[in-house]
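Letters A, B, ... are given to chains in the order of the sequence lines, protein chains preceding strands, and every chain is numbered from 1. This structure is a prediction, so every number in the text was calculated from the model and none was measured.
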Number of protein chains: 2
Amino acid sequence: MTEDPEERQNLALLCFYPARAMEARLYAALAAAGFDDMTPAQGRIAARIGPHGTRLTDLAEQALVTKQTAGHLVDQLERAGYVRRVPDPTDGRARLVQMAERGREVVALARKIEHEVEAEWTAHLGDKTAAQLRAALERLREVTDPYR
Amino acid sequence: MTEDPEERQNLALLCFYPARAMEARLYAALAAAGFDDMTPAQGRIAARIGPHGTRLTDLAEQALVTKQTAGHLVDQLERAGYVRRVPDPTDGRARLVQMAERGREVVALARKIEHEVEAEWTAHLGDKTAAQLRAALERLREVTDPYR
DNA sequence: CCATTTTCGTCAGATCATCTGACCATTGTC
DNA sequence: GACAATGGTCAGATGATCTGACGAAAATGG
């Protein structure tokens, strides 16, 4: 663009930049560590798998995609060795998607990167401002996250 | 999920909720107003068209997609009457993508919705916290938006 | 307990967004 | 004027996503 030097950006757009930056950092780091076969879409599904496994339908709902899409992505994650499907002992129709060993490695690395990036941001903002930012975002979440 | 009631979420995820919420609100409102043929991908391109028109290559760069993808989306926007392509008077190779009348209508409506949603958020947070949030996000943008 | 309805997941097929690679036309440079 | 750089398109492939239909198991309700 060539104009509007002083435009007041909308709050949602300002929120978008850090989210995008984190995703980019995360995928770059995972790829560098050899996990170069996981796509962002797979990641968004994988990130929602609970400690004891999660049903496909629940993953789909939380990730805001259809269960067909979720199933497709879980197929890929399973083929790549990140997750496995086990029967749900409490429901014969259902299966639980669980993290496999390789999946747990990715999660551990991703958590580490997240903390590093967040530490950079906190260093840039200062502790006080970072804390205020977090508090404000947590309150904003009350009205922006319907799956809270 | 059934566990982790008190998990400390990472800052980027907290940023993601408002961004997603705004996008959802925006597209719902546009669809309700009859602009139901614009997809999010088209919107992300259209949102970057400057007042006097913008080159395809620039749109692609700012939207973080290839120029082929941008061209594809502009084709659709053009077919739907949202934008037009005109020759760039300063460069015979280039063409400027400009908003057409219908595009300007959408932009006006989108701006209105954005302001409404932002006003809701400000009401929820209180003026002071909302101002702190904006200030913190603007500073964070310094290290998270490479296209600033 | 059986019949009906709901829920969980899959199959099939389509569409859309996106990419890589090749290519042409124009521009700018030496 | 030759040649590299830039703006854009064409062609083909892939991946994420959807809608619709379906089978199997579970829950519900006489």
Side-chain angles (χ1 to χ4, degrees), chain A residues 1-2 20 23-24 27-28 31 35-50 52-80 82-98, chain B residues 1-2 20 23-24 27-28 31 35-50 52-80 82-98:
Chain A
M1 308 195 203
T2 56
R20 180 178 68 182
E23 187 170 286
Y27 282 94
F35 301 113
D36 54 354
D37 53 350
M38 185 182 286
T39 67
Q42 289 169 28
R44 282 187 285 269
I45 290 290
R48 291 174 166 83
I49 297 176
H52 310 322
T54 304
R55 292 187 187 178
L56 187 63
T57 303
D58 293 339
L59 291 178
E61 184 185 337
Q62 290 170 35
L64 298 185
V65 299
T66 61
K67 48 192 183 166
Q68 290 91 327
T69 298
H72 178 63
L73 294 169
V74 168
D75 285 346
Q76 298 168 237
L77 288 167
E78 195 172 26
R79 245 180 283 125
Y82 290 114
V83 307
R84 60 171 164 264
R85 281 188 244 229
V86 301
D88 184 337
T90 73
D91 188 334
R93 296 165 300 181
R95 300 161 75 187
L96 293 175
V97 180
Q98 292 181 334
Chain B
M1 306 193 203
T2 56
R20 179 178 69 183
E23 186 169 288
Y27 281 93
F35 301 112
D36 54 353
D37 54 349
M38 185 181 286
T39 66
Q42 289 169 28
R44 283 187 286 270
I45 291 291
R48 291 174 167 82
I49 298 177
H52 309 323
T54 304
R55 292 185 187 179
L56 187 63
T57 303
D58 294 339
L59 292 178
E61 184 185 337
Q62 290 169 35
L64 298 186
V65 299
T66 60
K67 48 189 185 171
Q68 291 91 327
T69 297
H72 178 63
L73 294 169
V74 168
D75 285 346
Q76 298 169 238
L77 287 167
E78 195 171 25
R79 245 180 283 124
Y82 290 114
V83 307
R84 60 170 163 265
R85 280 188 245 228
V86 301
D88 184 336
T90 72
D91 188 333
R93 297 165 297 181
R95 299 161 76 187
L96 293 175
V97 180
Q98 293 182 334

Can B:Glu23 and B:Arg44 be counted as an ion pair, charged N to O under 4.0 angstrom? yes

Show me the protein contacts with nucleotides 17-21 of chain D, counting only N or O atoms at under 3.5 Å.
residue : atom : partner : partner atom : Å
D:dC18  : OP2  : A:Thr66 : N            : 2.9
D:dC18  : OP2  : A:Thr66 : OG1          : 3.0
D:dC18  : OP2  : A:Thr69 : OG1          : 2.9
D:dT19  : O4   : A:Gln68 : NE2          : 3.4
D:dG20  : O6   : A:Gln68 : NE2          : 2.4

Rounded to whole Å, please give me the gap between [atom1] in [X] and [atom2] in [N].
X	N	atom1	atom2	answer
B:Asp58	D:dG7	CG	C1'	10 Å
B:Leu56	D:dC10	CG	P	12 Å
B:Gln62	D:dG7	CD	P	13 Å
A:Asp88	C:dT10	CG	P	13 Å
B:Arg79	C:dA17	CZ	P	10 Å
B:Asp36	C:dC16	CG	P	14 Å
A:Leu77	D:dA16	CG	P	10 Å
B:Asp75	D:dG8	CG	C1'	11 Å

Please determine whether a side-chain nitrogen or oxygen atom of B:Arg55 lies at a distance below 4.0 Å from atom OP1 or OP2 of D:dT6. no

If only side-chain N and O atoms of A:Thr39 are considered, is one of them under 4.0 Å from the OP1 or OP2 phosphate oxygen of D:dA16?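 Yes, such a contact exists.
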
Could you measure the distance from the [atom1] atom of [X] to the [atom2] atom of [Y]? Nearest 0.5 Å is fine.
X	Y	atom1	atom2	result
B:Gln62	B:Arg48	CD	CZ	6.5 Å
B:Thr69	B:Leu64	OG1	CG	11.5 Å
B:His72	B:Ile45	NE2	CD1	11.0 Å
B:Arg55	B:Glu61	CZ	CD	12.0 Å
A:Thr57	A:Lys67	OG1	NZ	5.5 Å

Partner of A:Val83 by side-chain contact (heavy atoms from CB on, under 4.5 Å), out of A:Thr54, A:Ile49, A:Leu96, A:Leu73: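 For A:Val83, the side-chain contact (heavy atoms from CB on, under 4.5 Å) test succeeds with only one of A:Thr54, A:Ile49, A:Leu96, A:Leu73, which is A:Ile49.
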
Decide yes or no for A:Asp88 and A:Arg95: does some side-chain heavy atom of the first lie under 4.5 Å from some side-chain heavy atom of the second?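 Heavy-atom side-chain distance check fails, nothing below 4.5 Å.
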
Is there side-chain contact between A:Met38 and A:Leu77, with heavy atoms separated by less than 4.5 Å?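 A side-chain contact exists here, since the closest heavy-atom pair is under 4.5 Å.
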
Do nucleotides 25-30 of chain C as a string where each nucleotide becomes B, S or -: B if the base has a protein heavy atom under 4.0 Å, S if just the sugar-phosphate does, - if no protein is that close. BBS---

